[in-house]
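Notes follow the structure.
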Amino acid sequence: KWPGSDLKKLDLCCSNLSLKGFTSLILSLSNVHVYSCLSGPLPRKESDTKVSFGLSDSTVDTDWSASAITGPSGNTVSVSINSSPNSPIGLYSLTLDQEGQKTTLGQFVLLYNAWCQRDAVYMPSESKRKEYILGQHGVIYRGTYKRISGTPWNFGQFESGILDICLKILDVNPKFVSDADKDCSGRRNPIYVTRVLSAMVCLNDEGGVLVGEWYDFEGGVHPGTWTGSGKILRQWAKSGPVRFGQCWVFAAVACTVSRALGIPCRVVTNFGSAHDTNANLVIENFYDENGEDMSDDSIWNFHVWVDSWMTRPDLGEDFDGWQASDPTPQEKSEGVYCCGPAPLKAIKEGELTRKYDAPFIFAEVNADVIDKVQLSNGRMVEFGGSTKSVGRFISTKAVGRDERHDITHQYKYAEGSTEERKVYEKAQHHNKLQKRGEEPGLYLKIKLADSMIVGSDFVVNAILKNNCMDTRTCSFLFFARAVGYNGRKGESCGFTSDKVEVPSGEEKRLSLKLEYSSYGPVITSDRQIKLSAVTVDKQTINFYKAEKVIVLDEPNVEVKVKMEAKIINKQLTNRLLLNEPVTAEVTMLNPLPEPLKDCSFSAEGPGLTGGEIIMKKIGSIGPKEEAKASLEFTPTVVGSSVLLVGFDSNKLKNIKTYISVGVKEKAQPVA
C-alpha cells in the first residue's frame with residue numbers, strides 16, 4: 001500500500017518503496033537476529049547511512065527497530081521494521097545477520113513521509129496530502145494578471161521508472177560527486193534536498209535536467225509543447241540535458257521530483273514578477289530622452305516556482321510550513337544557480353536575513369518600482385513609479401478542485417495597507433543587514449588596543465551597535481577582572497558604565513582605561529584579564545553580553561651570541577664550534593613603572609649546556625631600566641639545536657624566548 005496505511009509489505013526480490021515509518025516483512029527463517037540497512041556508495045554509521053538493529057518485543061517510532069511474530073508453522077517469521085524519521089532518503093540494502101552468517105534480503109527506497117508526525121515534512125491535513133503528495137495531475141497558471149489561464153500538467157510521479165530517475169538526479173548532483181558521503185547523509189534534511197533540486201532541474205551546473213531557452217528553439221522542443229514531466233525525465237535519464245524549458249516547465253519538473261521523494265509540493269505562479277538584479281528591493285526602470293529602455297531590472301508578466309512543505313529547525317518553528325524555492329536560473333546563491341527554500345512567513349514579514357535567498361524572493365513579490373530618465377547632461381530624473389504593480393494574484397491549484405486558489409495573502413499583506421508598507425521598510429532594513437552579514441537587534445563587541453604590554457596603561461572599548469529599526473535607550477556596563485588560565489576569577493581591575501541612546505544603524509562606544517596600578521597587583525603570572533560588556537535594552541528589558549579574555553604582551557628578551565654566521569636555504573643559521581666556549585649576551589627592558597626584585601636569567605639547550613640549566617642572578621632592576629647578563633656555555637654535540645632563555649623576577653615571571661643554533665666541528669689546521 002502507498003502511504004495511507006501504516007503497514008506496507010515488501011517483496012524482497014526487487015527494489016521496493018517504503019516511507020519513513022512502519023514496514024512489515026515476511027521471512028522464511030528459523031532464527032532471526034540482527035538487521036543492517038545500508039544507503040549510498042560508502043555507508044557509514046557516523047553519517048547515518050549504515051544502521052544495525054536487532055529484534056525486540058516491539059518497534060519504536062523514534063529510531064530503527066524491528067519486532068517479529070512466529071507463524072503457525074513455526075518456520076515463518078513476520079518481521080515489522082520501523083525506520084528513524086531522521087534517516088536519509090534513498091535506496092537501501094537490507095541484510096540479515098544470523099550468528100555471523102549474512103544474507104542479503106533485498107533493497108527498498110526510503111522516502112520522506114508526510115503521514116509521520118516526527119518527519120520534517122509531516123502535513124496534518126489528509127486532503128492536502130492527497131493534493132500535494134498523491135496528486136499526479138495539476139494546473140499551472142500563466143498569462144497576465146488581467147487574463148489568467150490555466151494549463152493542465154501531468155506530474156506523473158508514480159509512473160514506472162520515475163522514482164529511480166529522481167534518485168539519479170540526486171546521485172549526479174555536483175555535491176554528491178564532490179563528497180558522496182556528506183551528500184547522502186544530508187538527504188535526511190528536506191531543506192538540503194530542495195536546495196539540490198533547485199540547482200539540478202535547470203542546466204546551469206553539471207548534470208542538470210533542462211536547458212533554458214527564451215528565444216531560439218531550434219534543435220529542441222518549444223517549452224510550450226510539454227504537457228508532463230515524465231517524458232522530460234525519461235529523456236534526461238536516457239540521453240542527458242533536455243532542450244528546452246522555461247520557468248513553468250522547471251517548476252513542474254521540480255514538483256514531480258519533490259512529490260516522488262515524499263516532499264509535499266505545489267506549483268506557484270506570480271503575476272507581475274520582479275527580477276531585482278542589484279538586490280536593493282527596487283525595480284529601477286531607466287530610460288534615455290528618446291524613451292529607450294536601459295534597465296537591468298525587469299518585471300515578468302508571470303513567473304512560476306514551487307512551494308515545498310517542511311519544518312525549519314534552522315530558523316525556529318515560527319518559520320515552519322511552506323517554503324518557496326525557484327528552479328529557474330536567475331542569480332547565484334552560495335556560488336550555485338539555485339534559489340531557496342525561503343519560508344513564506346519570512347517573505348511576508350520582511351525577515352530577509354532568514355535562509356535561503358529571502359531578499360530575492362521578497363523582491364519578486366513585493367519590490368517597489370521607480371521610473372527614471374537620463375537627461376542629455378547625464379542627470380537622472382525620477383518621473384514615476386509604483387508600489388503596487390509587483391506581485392499580483394499569486395496563484396496555485398486549489399486543493400481537491402481544478403480551480404485557481406489565490407495565495408497572495410500568504411506572501412504579502414494587502415497592497416497599500418499600513419502593514420505592507422511597514423513590512424517593506426523592515427525588509428529594506430533587513431536587506432542592508434543581510435548584505436553586511438548581520439542580523440537585526442542589538443549587538444555588542446569588544447575592541448582591544450593595538451598594544452597591551454604588561455606594565456603599560458591602555459584603553460579597551462565596548463561597542464554597542466543598534467541594528468533595530470528605531471532608537472534604543474540602554475544601560476551600558478563594562479567590567480575588567482583578573483582571571484587564571486583555568487578560568488578562575490580574580491579581583492576586579494576596572495569598571496565603567498553609562499546610559500546611552502543609540503539611533504537606528506548607529507553605534508555607541510564605552511571606553512575603559514586599564515591602568516597598571518589597578519591590574520598589576522591582581523593579575524597572576526598568566527597575565528590574563530577578562531573583559532565583560534553588558535547592556536540592557538530599556539524598552540524590551542532584554543540583556544546582551546560580550547566577553548573577551550586578553551593576555552597581556554610580555555617584554556622581549558634579546559639574545560646575542562658570538563658565532564659564525566652562515567646562509568642555508570636562504571635563511572641565516574647561527575653556527576657554533578664544537579667544544580668551544582660561547583657567551584650569550586641577554587637583555588630585557590623592564591616595562592613596569594616599579595622596580596623588579598630577585599631578577600635572574602636562565603639558559604638551557606640539548607647538546608649546548610651539558611644537560612644543566614645555566615643561571616645568572618642580577619638582583620634588582622629599576623623601572624624602565626634594562627636587565628643584562630652574560631651566559632656562558634660550551635656545545636658538546638654537532639648538529640642543530642635550540643637555546644632556551646628565560647627571565648624571572650618577583651613581578652614578572654616565566655618570560656621566555658629562544659634562538660636556533662647549529663654546532664659544527666672545528667676545522668683542523670693544515671699541516
Side-chain angles (χ1 to χ4, degrees), residues 123 125 127-128 130-133 135-155 194 198 201 223-224 226-229 245-256 258-259 263-275 283 298-309 321-328 330 339-348 358 360-367 369 386 388-417 420 423:
M123 178 173 268
S125 168
S127 61
K128 290 182 179 179
K130 288 181 179 179
E131 180 70 43
Y132 300 130
I133 292 287
Q136 296 198 74
H137 307 282
V139 179
I140 300 174
Y141 295 95
R142 297 188 293 165
T144 69
Y145 76 94
K146 289 186 176 181
R147 192 176 182 85
I148 299 174
S149 62
T151 300
W153 191 271
N154 177 26
F155 296 114
T194 298
S198 174
V201 168
W226 301 112
T227 58
S229 304
Q246 291 181 7
C247 64
W248 71 92
V249 184
F250 300 141
V253 171
C255 184
T256 294
S258 297
R259 290 183 181 182
I263 301 174
C265 190
R266 66 187 184 188
V267 177
V268 173
T269 303
N270 177 39
F271 292 94
S273 190
H275 181 185
I283 300 303
S298 59
I299 299 178
W300 299 12
N301 285 341
F302 69 91
H303 184 47
V304 186
W305 58 74
V306 294
D307 287 345
S308 303
W309 182 272
W322 289 117
Q323 316 285 320
S325 62
D326 191 348
T328 299
Q330 295 190 67
C339 183
L344 265 60
K345 176 70 175 296
I347 304 303
K348 182 173 182 177
F360 187 84
I361 299 174
F362 180 91
E364 286 186 306
V365 301
N366 209 15
V369 179
S386 172
K388 301 180 181 180
S389 57
V390 169
R392 302 186 180 192
F393 298 98
I394 303 174
S395 305
T396 191
K397 178 187 174 298
V399 174
R401 309 188 313 277
D402 290 332
E403 299 175 4
R404 186 181 74 85
H405 177 45
D406 194 303
I407 58 172
T408 307
H409 65 283
Q410 296 182 18
Y411 275 87
K412 58 197 289 190
Y413 289 99
E415 286 289 3
S417 66
E420 187 269 339
V423 165

Task: Worked check of side chain to side chain donor-acceptor pair (under 3.5 Å) between D326 and H303 - done: CA-CA 10 Å; D326 191 348; H303 184 47; 2.7 Å; yes
Open item on the list: How long is the straight-line distance from NZ of K412 back to OG1 of T408, given to the nearest 0.5 Å?
Closed with: 7.0 Å
Open item on the list: Which residue in the set V253, V249, T328 passes side chain to side chain contact (heavy atoms under 4.5 Å, CB included) when paired with V201?
Closed with: V253
Task: CG-CD1 distance between N270 and I299, expressed to the nearest 0.5 angstrom - done: 10.5 Å
Open item on the list: How long is the straight-line distance from OG of S389 back to CD of E415, given to the nearest 0.5 Å?
Closed with: 8.0 Å
Task: Derivation of the side-chain contact (heavy atoms from CB on, under 4.5 Å) call for Y132 and M123 - done: CA-CA 10 Å; Y132 300 130; M123 178 173 268; 4.0 Å; yes
Task: Flag, side chain of S258 to backbone of A254, donor-acceptor distance under 3.5 Å - done: yes
TODO: Taking all non-hydrogen atoms of both residues into account, name the closest pair between W153 and S229 and its distance.
DONE: NE1-OG, 2.9 Å
Open item on the list: Checking I394 against V365 for the side-chain contact (heavy atoms from CB on, under 4.5 Å) test, could you report, in this order, the C-alpha distance in whole Å, the side-chain angles of both residues, the deciding distance, and whether it holds?
Closed with: CA-CA 8 Å; I394 303 174; V365 301; 3.9 Å; yes
Task: Min side-chain heavy-atom separation F302-W248 under 4.5 Å - done: yes
TODO: Please test S149 against R142 for side chain to side chain donor-acceptor pair (under 3.5 Å), starting from the C-alpha separation and ending with a verdict.
DONE: CA-CA 5 Å; S149 62; R142 297 188 293 165; 5.8 Å; no
Open item on the list: Could you tell me if R392 sits above the aromatic ring of Y145, with its cationic atom closer than 6.0 Å to the ring centre and no more than 45 degrees from the axis?
Closed with: yes
Task: Pairwise distance CG(L344) to CD1(I407) - rounded to 0.5 angstrom - done: 6.5 Å
Task: With Y411 via side chain to side chain donor-acceptor pair (under 3.5 Å) - residues at least two apart - done: W305, D307
- [ ] Please report the shortest heavy-atom distance between R259 and G135, naming the atom on each side.
- [x] NH1-O, 2.7 Å
- [ ] Name all residues meeting the salt bridge (charged side-chain N to carboxylate O under 4.0 Å, His left out) criterion together with R401; count only those two or more places apart in sequence or in a different chain, and write none if there are none.
- [x] E403
TODO: Identify the two heavy atoms, one from S308 and one from C265, that lie closest to each other, and give their separation to 0.1 Å.
DONE: OG-SG, 3.9 Å
Open item on the list: Going by the rule ring pair (Phe, Tyr, Trp, His ring centres under 6.0 Å), which residues pair with F360 if we only count those two or more places apart in sequence or in a different chain?
Closed with: H275
- [ ] Please check if the side chain of T396 supplies one atom and the backbone of R266 the other of a donor-acceptor pair under 3.5 Å.
- [x] no
TODO: Could you go through the side-chain contact (heavy atoms from CB on, under 4.5 Å) check for F250 and V306 one step at a time?
DONE: CA-CA 9 Å; F250 300 141; V306 294; over 6 Å; no
Task: Stepwise side-chain contact (heavy atoms from CB on, under 4.5 Å) test for R147 and T144 - done: CA-CA 5 Å; R147 192 176 182 85; T144 69; 3.8 Å; yes
- [ ] Heavy atoms only: give me the nearest P264-I133 pair and the separation to one decimal.
- [x] N-CD1, 3.3 Å
Task: SB check E131 K397 (cutoff 4.0 Å) - done: yes
Open item on the list: Is a donor from one side chain sitting under 3.5 angstrom from an acceptor on the other, for S395 and R404?
Closed with: yes
- [ ] First locate atom CZ of F393, then atom CZ of F271, and finally report the distance between them rounded to the nearest 0.5 Å.
- [x] 9.5 Å
Open item on the list: Quick check: closest heavy atoms across E420 and N366, and the distance to 0.1 Å?
Closed with: OE2-OD1, 2.9 Å
Task: Taking every non-hydrogen atom, the tightest pair across V267 and C255 - done: CG2-CB, 3.8 Å
TODO: Measure the spacing between OG of S325 and CD1 of I263 and express it to the nearest 0.5 Å.
DONE: 9.0 Å
